[in-house]
A.B. asks: 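Structure below; questions to follow.
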There are 2 protein chains.
Amino acid sequence: MPATETIHIPAREGRGARMRAGDRVRVIDPEGGQVADVFAFATDDPSEYHSAEHTRVYVNRLFPVVGEQFVTNRRRPILTLEADESPGVHDMLCAACDPTRYHGLGVEGWHASCQENLLGVMRELGVDHVEVPQPINLFMNIPIGADGELGWLPAPTRPGDSTTLRAELDCYLVVSACPQDLVQINAGVPGPIRLEIMRS
Amino acid sequence: MPATETIHIPAREGRGARMRAGDRVRVIDPEGGQVADVFAFATDDPSEYHSAEHTRVYVNRLFPVVGEQFVTNRRRPILTLEADESPGVHDMLCAACDPTRYHGLGVEGWHASCQENLLGVMRELGVDHVEVPQPINLFMNIPIGADGELGWLPAPTRPGDSTTLRAELDCYLVVSACPQDLVQINAGVPGPIRLEIMRS
């Protein structure tokens, strides 16, 4: 068995890792009801990154099923959805939360956000500028109504639920434990996320 | 009545215009059955551009309805959907077609694409580098199945159908008459698009 590295992501924070092609990461919601925003950037050239709109065309659906791949803005596979031990409810339609989103929701002053978490982690990994792509919002429950309306429901994950992704390219993987506490997607109180990285 | 400028976009090509806040553009499908990919970049700083994922959150649905606004990746309104004299079927889920997309569909050699059209028009407008955002795919018919599967159906527009957009920011507006002829979204044969710009 390969060694496993565990990364604890405190509530409202982000963490990242350099992945080599073949490495796997299990994204675990330890307490349940928590959304994990996932981003992936090619190590060789971070202007190539996971792109929701290219993935939708590639798999011909709103979100890959187990065994299918997420692709970059150059249509190269970057992650595979290898296993899903969760209710299987995920979102790839909604932008990462950012300071402007919280300002629009009535917050005065600073509020943690997935965008700030992403940019901070990428700086720690040595990358000073990246686009902020549409994230893979694991466990996020955004039902689409008959008229195209979006719902904002609590993540249906139970404690310990997880999704496993395999890297298909060498990439920077960043995960944010979404700090959204004004819309009820995190079941009211944002919680932590745990990553278990299995090196190939 | 303000003067109207008419821009003819030949089949498979792209054209653009500098819009001032308050200007309007009518995007017309003269022959019917044709998709128009629309992009908008803030003139002051083209790293701010229309963002599908931010617009979905802003309007709380997959596509704005008449009177609602499209916003940028900084959540500022950039376009308003002012009028829709078409069947009202549009897409904002699918990436612009590009050389890699056509290669994947079996094309050998060059094929026109919305991505190349966008980048060429922006260069003509004096902007050498832009991200390629998720377009506003006017008239594009991508139904979503119960399991999230995407369909690829012909554009339901009749000759002369149109959609009118109003600029909310000074912006570069680029429209590509989608050259897709391997998937049947353009009813088999890609056609032209006409723009009528009404200055404020």
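A, B, ... follow the sequence lines: proteins, then strands. Residue 1 opens every chain.
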A.B. asks: Regarding B:Arg61 and the six-membered ring of A:Trp152, is the cationic atom NZ or CZ under 6.0 Å from the ring centre and inside 45° of its axis?
C.D. replies: no
A.B. asks: Would you call A:Arg24 and A:Glu196 a salt bridge, taking side-chain N to carboxylate O under 4.0 Å as the test?
C.D. replies: no
A.B. asks: Need one label for B:Pro64: side chain, backbone, both or neither, based on atoms under 4.5 Å from any heavy atom in chain A.
C.D. replies: neither
A.B. asks: Are A:Val25 and A:Phe139 linked, directly or through intermediate hydrophobic residues, by side-chain heavy-atom contacts shorter than 4.5 Å (ILVMFWY only)?
C.D. replies: yes
A.B. asks: Please state whether the side chain, the backbone, both or neither of B:Glu149 comes within less than 4.5 Å of a heavy atom of chain A.
C.D. replies: both
A.B. asks: Which atoms of A:Pro135 come close to chain B, meaning under 4.5 Å heavy atom to heavy atom: side chain ones, backbone ones, both, or neither?
C.D. replies: neither
A.B. asks: So which of B:Leu93, B:Ile144, B:Thr100 has the largest heavy-atom pair count under 4.5 angstrom toward chain A?
C.D. replies: B:Leu93
A.B. asks: With respect to chain A, which residue among B:Gln115, B:Arg101, B:Glu53 yields the maximal number of heavy-atom pairs within a distance under 4.5 Å?
C.D. replies: B:Glu53
A.B. asks: Heavy-atom cut-off 4.5 Å, strictly under: side chain, backbone, both or neither for B:Arg76 against chain A?
C.D. replies: neither
A.B. asks: Got a salt bridge between A:Asp170 and A:Arg18, using NZ or NE/NH1/NH2 to carboxylate O under 4.0 Å?
C.D. replies: no
A.B. asks: Identify whether the distance between the nearest side-chain nitrogen and carboxylate oxygen of A:Arg12 and A:Asp181 falls below 4.0 Å.
C.D. replies: yes
